[in-house]
Amino acid sequence: MTGSDPQNTAPSYDASLADHGLEPREHKGLTYPLGDHQPESGGHVQLLPGIGWTRLPVPGNLGHINIWLLDDDDPETGGVPGGVAIVDTGLHFPDSVAAWEKLFTEGLNGRTITRVFVTHFHPDHVGMAGWLCERFGVRLWMNRTEWLMARMLTADIRNEPPAEALAQMRESGWDEDRIETFRQRGWGNFAKMVSPLPISHIRLDEGAVISVGGHEWHIITGGGHTPEHACLYDKNRRILIAGDQVLPQITSNVSTMTSEPMADPLGEWLDSIAKFREAIDPRSLVLPAHGLPFTGVRTRLETLAAGHHARLDSLSEALAQRPLRAVDTFELLFARPITNEVYGLATGEAMAHLRHLEVTGRAVRTMTNGAAWFRAA
């Protein structure tokens with residue numbers, strides 16, 4: 001019976017958070033142990049013994065990224081007395097620099113930075129990594145694929161986008177005016193948001209166990225959002241540093257990438273949801289990159305999977321009525337208007353859904369004048 005199955009029991013918030021004296025909040029099957037409490041930019045909250053929390057600003061709708069600070073004071077495992085390891089780093093721009101400087105002087109009171117962990121290659125996560133590693137003379141810990149992606153993108157700078165990239169925009173259904181606007185912006189904007197990366201790194205492989213401050217963190221990688229997004233999971237304390245792999249309110253962008261236009265990122269994402277569902281104790285506290293710490297990871301993973309499957313079914317039904325390009329599916333897939341600021345992300349996500357239908361035999365593609373039209377199989 002469901003009622004007797006501990007795996008299906010609604011998780012309660014971690015008792016160690018009760019000392020904060022804050023009222024937990026529940027919403028859509030998730031519990032937020034600290035309610036709506038959050039640190040200011042560059043501020044510091046001692047979330048749990050050995051785990052601190054700060055935030056850095058991010059332009060646009062996200063507004064912030066959460067940064068996790070792990071006590072790293074055990075010399076036998078690479079730490080130093082009073083040491084702190086950083087997980088994720090923020091965008092490389094003046095507001096982030098100011099927030100870090102504030103944290104160093106006020107929140108950390110001169111404590112030593114020992115190492116920098118980065119969950120994946122996106123600029124809001126890796127952007128300040130090089131700056132931090134150089135400033136403190138420490139190593140970068142990152143999944144090899146994610147590190148290589150960041151290194152490649154920071155080096156790929158040119159005046160105009162490659163013809164291949166423009167062709168992919170055309171294939172998704174972009175009109176020539178939009179393509180021309182994209183072309184005029186140049187190529188290599190990634191590098192503008194990322195400080196120069198170290199030329200070496202320490203790998204965060206799937207299954208690795210990293211000791212930080214006397215606690216063992218297991219590396220679990222997921223695909224779809226990025227190729228090998230690395231999460232850190234403390235099995236003993238049931239704490240998941242989730243990056244963008246599990247977010248409490250927004251759905252991580254899952255897009256086909258310019259470098260792999262015929263991949264199936266949504267298939268990888270759905271496989272990762274199933275993987276994390278089995279690997280993570282349902283009572284775990286999730287520390288996401290965006291939003292508030294929460295419990296209810298199984299509920300959230302099931303909601304994410306159900307949402308994608310519902311969109312795939314709706315898309316399949318629409319393709320049975322008439323052929324569609326990626327840009328024709330925006331109203332069907334997204335619950336808000338797609339502005340110029342998010343047009344590229346929406347295109348990538350739409351193409352990922354269409355590509356998954358194609359890979360799973362539910363849709364077929366026809367090329368007409370450089371555009372990909374999809375119809376039901």
Side-chain angles (χ1 to χ4, degrees), residues 59-62 121-124 149 152-154 156-193 224-227 250-269 308 311-312 314-360 362-377:
N61 293 331
L62 284 177
F121 80 87
H122 285 167
D124 53 330
M149 286 292 299
M152 175 193 72
L153 291 169
T154 52
D156 189 9
I157 303 173
R158 59 188 87 181
N159 291 330
E160 291 198 3
E164 184 181 0
L166 300 179
Q168 289 183 29
M169 305 301 174
R170 193 170 290 110
E171 185 173 345
S172 300
W174 285 29
D175 60 41
E176 293 303 319
D177 287 344
R178 189 174 293 276
I179 291 172
E180 177 60 20
T181 299
F182 178 83
R183 187 189 67 78
Q184 291 178 4
R185 291 176 183 164
W187 186 257
N189 289 324
F190 182 96
K192 297 177 182 177
M193 299 178 285
H225 180 60
T226 62
I250 62 175
T251 301
S252 302
N253 181 265
V254 178
S255 291
T256 54
M257 295 193 301
T258 306
S259 57
E260 293 184 317
M262 297 305 289
D264 178 21
L266 185 53
E268 296 174 22
W269 181 251
H308 283 295
R311 286 189 287 276
L312 287 167
S314 297
L315 191 54
S316 181
E317 293 173 6
L319 295 179
Q321 302 300 315
R322 64 185 179 94
L324 297 171
R325 303 163 301 171
V327 298
D328 301 324
T329 67
F330 289 173
E331 186 174 348
L332 181 67
L333 292 176
F334 307 115
R336 62 189 179 102
I338 300 304
T339 61
N340 290 334
E341 290 74 20
V342 296
Y343 202 89
L345 291 174
T347 300
E349 183 131 4
M351 188 60 84
H353 282 75
L354 290 165
R355 176 63 181 153
H356 187 66
L357 290 178
E358 183 182 26
V359 167
T360 55
R362 300 172 66 183
V364 294
R365 172 193 316 228
T366 301
M367 297 298 297
T368 303
N369 297 326
W373 292 86
F374 294 83
R375 59 179 177 80

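Along the sequence shown, the residues carry numbers beginning at 1.
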Look at the side chain of [X] and the backbone N and O of [Y], then say whether any donor-acceptor pair between them is shorter than 3.5 Å.
X: Arg362; Y: Ala377; answer: no
X: Thr347; Y: Tyr343; answer: yes
X: Glu358; Y: Val364; answer: no

Practice item. With the side chain counted from C-beta on, respond yes when Leu266 and Arg355 share a heavy-atom pair under 4.5 Å apart, and no when they do not. Key: no
Review point. For Gln321 and Glu317, does a side-chain donor sit closer than 3.5 Å to a side-chain acceptor?
Key: no
Can you measure from [atom1] ([X]) to [atom2] ([Y]) and round to the nearest 0.5 angstrom?
X: Thr181; Y: Asp177; atom1: OG1; atom2: CG; value: 6.5 Å
X: Leu153; Y: Asn189; atom1: CG; atom2: CG; value: 11.5 Å
X: Lys192; Y: Thr154; atom1: NZ; atom2: OG1; value: 14.0 Å
X: Met351; Y: Met257; atom1: CE; atom2: CE; value: 14.5 Å
X: His356; Y: Thr256; atom1: NE2; atom2: OG1; value: 14.0 Å
X: Met149; Y: Ser259; atom1: CE; atom2: OG; value: 4.5 Å

Taking all atoms of both residues into account, what is the closest heavy-atom pair of [X] and [Y], and its distance?
X: Ile338; Y: Ala346; answer: CG2-CB, 3.7 Å
X: Ala376; Y: Ser316; answer: CB-O, 4.3 Å
X: Leu345; Y: Asn253; answer: O-ND2, 3.4 Å
X: Ile157; Y: Ala191; answer: CD1-CB, 3.6 Å
X: Ala326; Y: Ala350; answer: O-CB, 3.6 Å

Answer yes or no: does atom [atom1] of [X] have more than 12 heavy-atom neighbours from other residues, nucleotides or ligands under 6.0 Å?
X: Glu260; atom1: CD; result: no
X: Asp175; atom1: CG; result: yes
X: Arg336; atom1: CZ; result: no

Revision key, fill the gap. Applying side chain to side chain contact (heavy atoms under 4.5 Å, CB included) to Ala372 and not counting sequence neighbours gives Glu171, Arg365, Met367, Phe374
Practice item. Quick one: do Leu324 and Leu354 satisfy side chain to side chain contact (heavy atoms under 4.5 Å, CB included)? Show the steps, please. Key: CA-CA 9 Å; Leu324 297 171; Leu354 290 165; 5.6 Å; no
Pairs under 3.5 angstrom only: tabulate donor-acceptor contacts from the side chains of residues 161-170 to other protein residues two or more places apart or in another chain.
unit_1	atom_1	unit_2	atom_2	d
Gln168	NE2	Thr258	O	3.1
Arg170	NE	Glu176	OE2	2.8
Arg170	NH2	Glu176	OE1	3.2

Practice item. Check the pair His225, Trp269 against side chain to side chain contact (heavy atoms under 4.5 Å, CB included), reporting the backbone distance first and the verdict last. Key: CA-CA 7 Å; His225 180 60; Trp269 181 251; 3.7 Å; yes
Check your understanding: Relative to each other, are the rings of Phe190 and Phe121 parallel, tilted or perpendicular (30° and 60° limits)?
Key -> tilted
